[in-house]
Asks: 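The structure that follows is given in the form of structure tokens.
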Protein chains: 2
Amino acid sequence: MTDTARGTSRRYGSRPTMKDVAARAGVGLKTVSRVVNGEPGVTPETERRVQDAITALGFRRNDSARILRKGRTASIGLVLEDLADPFYGPLSRAVEEVARDHGALLINGSSAEDPAREQELVLALCARRVDGLVIIPAADDHRYLEPEIAAGVATVFVDRPAGRIEADTVLSDSFGGARAAVAHLIAHGHRRIGFIGDQPRIHTAGERLRGYRTAMAEAGLAVDESWVSLGSTAPDRVRFAATAMLDGPRPVTALFAGNNRVTVTAVRVLAERPRPVALVGFDDFELADLVSPAITVVAQDAARLGRTAATMLFRRLDGAGIPPQREEIPTRLVPRGSGELPPPADG
Amino acid sequence: MTDTARGTSRRYGSRPTMKDVAARAGVGLKTVSRVVNGEPGVTPETERRVQDAITALGFRRNDSARILRKGRTASIGLVLEDLADPFYGPLSRAVEEVARDHGALLINGSSAEDPAREQELVLALCARRVDGLVIIPAADDHRYLEPEIAAGVATVFVDRPAGRIEADTVLSDSFGGARAAVAHLIAHGHRRIGFIGDQPRIHTAGERLRGYRTAMAEAGLAVDESWVSLGSTAPDRVRFAATAMLDGPRPVTALFAGNNRVTVTAVRVLAERPRPVALVGFDDFELADLVSPAITVVAQDAARLGRTAATMLFRRLDGAGIPPQREEIPTRLVPRGSGELPPPADG
DNA sequence: GTGCTGATTGACAACGTTGTCCAGAGGTTA
DNA sequence: TAACCTCTGGACAACGTTGTCAATCAGCAC
């Protein structure tokens, strides 16, 4: 007997199988399977022998084979824009927790806001036969998913709707949040308000712009097109856009920032300027209350978005063929100071 | 012919296989495999027929079966403390990027700083036969991994060393960073400096404490034990600890915060107090420069930690049996204001 | 025509697990 | 004693893919 606890009698890189365990315990293959899976119908004595063999060989069930046999992988895929974005941390974590409650693992990937990369990633996950997908879409056409959904991959879109297919969706109330934010600025006396948002092809960016326009229209204010800037959220572009609005022919007295990355850059730009400019940002962020003035934001509940999406996903996995659901998570205006600054006396 | 583009002739939840494709294209199973994998030796005409059948049936290769056959899963596991912690976002993303460059997917899990949960997660990943593991350990005994590593699972520990086994490790220079931070405070005239850190069983917490003590000792300053508090980073506890140090019999004039969560709470506590207290935090965070005063920090390069770890992992996967490596990533003191505040005149 | 070469193709086993089904042991009852 | 259960355990096929190997065929030199 040369086997050790590490199973070193087998060549490096290969692992003991149930067959090896069975041979060592002197039982049949299926009996090992029964013990490993806690199935009934094994005498305590036999079970002990099998357990000893498992420990001695360092056996670990090969889930690839199990998955192949059973069809379910007990894993779900999460495709988002950028794992490093603080908005997605709590969301991922919430999805993970729900997955864990259902005994599933989470496979994670960033699309980097690139439709091609999203599709590549999603299809790779489908090839792995994940049971379900949570997608924060970068693409605007998801027909490539039709065969997958038809084959039973539960799919939930989060934060932005699916493109050109019907599917479960969980959204934040971007429109309402943006409208409330801009109305808030208007209530504090502002008439010339700028909006800096994300790329227009991103759904939330469009919704927030719509909220902005609606609030302005509701107050009877005309929007000067030089007050609106959509595009990359790279600091340079945002800085340029903000500066242009603040120093333009009809300078804005307040800014509405379309997401957390924009807000952060806006805060930096405004900090450099002599006179205070009102600011409301979409998305809350850590320490928003400690900057001076504290930043008024429209807070989204990222964790709730993730939790809702994952719950919906598992409901669909368990259950029957209910038609696609759409759920909306409310947003909440959090006044902290920056949004309550009045316009300058001469503005 | 009742098959449609969705393969609806098959029952819901089941998917076409290579066998189905082969039958439809009128070729052998292996020929389909060759086409799917881009292997040579297939005439253009045959390839076209196979491709047509693939499209018509909505075939997608089942990677579970492929993995079972090939032995490599092209996936790596990442176990960290909390996906929602902003420190781990960039780290995860960096690991993901490297994995992507190597054609691997990332399976992600949070240990919630619970050793049992770490082990459960790691073993689940091993059962999936991930090719490698990147672990930010919560446990302090990793002997349970020995059979896995012996079986060829490339394993790299990040941010904290492995417990009771030899393994590849990538660490930040916690000791050096902490020492530099405290020396910085001392250079600005502080003599009574408090340290609030994470739970003492966490390696980095211990290293940072050691850095603190070393810097104090090097300056010939005795440490009053009421100035040191290790424990949970929950806001309540940190708040309590900070308040006790600031209002104690020998009140501190400066604080050194052991990680980003502590720093954030410390900033809040100090903001409520009438007179300024110097503060240096371990870990950088967004907007640290915009709080007033801006927060001096010891910055760690989380992305570089992740990148280095993942690179090391794939080097080991490709390569031979080099002995375990240990790499240290430097930290960097970023003075921004809060660390340069002098002690009060009467302090 | 024969034999050889190289290209194309397919039959078959194997990967490690689980579900189905059957065999044998041992006990109970008529 | 025979018939009939119950309980335990094992043989075998199947999951969908890939590696091995052999068969077929066209083209070509002799």
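It should be emphasised that the depicted structure is a prediction, and the values quoted were computed from it without experimental measurement. Only heavy atoms go into these numbers, but all of them, side chains included; no hydrogens, no water, no symmetry mates. In what follows, chains are A, B, ... by sequence order, proteins preceding strands, each numbered from 1.
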Asks: Compare the minimum distances between each of dG16(C), dT18(D), dG9(D) and the side chain of A65(A), then state the nucleotide with the smallest one.
Replies: dG16(C)

Asks: Rounded to whole Å, how long is the line connecting atom CG of L68(A) with atom C1' of dA13(D)?
Replies: 13 Å

Asks: Output all residues satisfying salt bridge (charged side-chain N to carboxylate O under 4.0 Å, His left out) with E113(A), sequence neighbours left out; order by chain, then residue number.
Replies: R160(A)

Asks: So does N37(B) get a side-chain nitrogen or oxygen closer than 4.0 Å to the phosphate oxygens (OP1/OP2) of dT18(D)?
Replies: yes

Asks: Report the distance from atom CD1 of I136(A) to atom CG of L91(A), rounding to the nearest 0.5 Å.
Replies: 5.0 Å

Asks: Could you tell me whether D63(A) contacts a base, only the sugar-phosphate backbone, or nothing, with contacts defined as non-hydrogen atoms closer than 4.0 Å?
Replies: nothing

Asks: Please tell me if the side chains of I67(A) and R128(B) come closer than 4.5 Å, counting only heavy atoms from C-beta onward.
Replies: yes

Asks: Across the strands shown, which category fits S33(B) at heavy-atom distances under 4.0 angstrom: base, sugar-phosphate, nothing?
Replies: base

Asks: Does a nitrogen or oxygen in the side chain of R66(B) sit under 4.0 Å from OP1 or OP2 of dC15(C)?
Replies: no

Asks: Remember a base hit wins even if backbone is also touched, and classify V42(A) as base, sugar-phosphate or nothing at under 4.0 Å, heavy atoms.
Replies: sugar-phosphate

Asks: Figure out the CD/P separation between E39(B) and dT18(D), and round it to whole Å.
Replies: 8 Å

Asks: Think S64(B) has a side-chain N or O under 4.0 angstrom from the OP1 or OP2 of dT17(D)?
Replies: no

Asks: When you compare the side chains of S110(B) and E96(A), does any donor N or O come within less than 3.5 Å of an acceptor on the partner?
Replies: yes

Asks: With under 30° as parallel and over 60° as perpendicular, where do the rings of H142(B) and F157(B) fit, or are they tilted in between?
Replies: perpendicular

Asks: Is the shortest side-chain heavy-atom distance between V122(A) and Q119(A) below 4.5 Å?
Replies: no

Asks: Provide a list of protein-nucleic acid N or O atom pairs under 3.5 angstrom, restricted to nucleotides 10-12 of chain D.
Replies:
residue, atom, partner, partner atom, Å
dG10(D), OP1, G28(A), N, 3.0
dG10(D), OP2, G28(A), N, 2.4
dG10(D), OP2, T31(A), OG1, 2.6
dG10(D), O5', G28(A), N, 3.4
dG10(D), N7, R34(A), NH2, 2.9

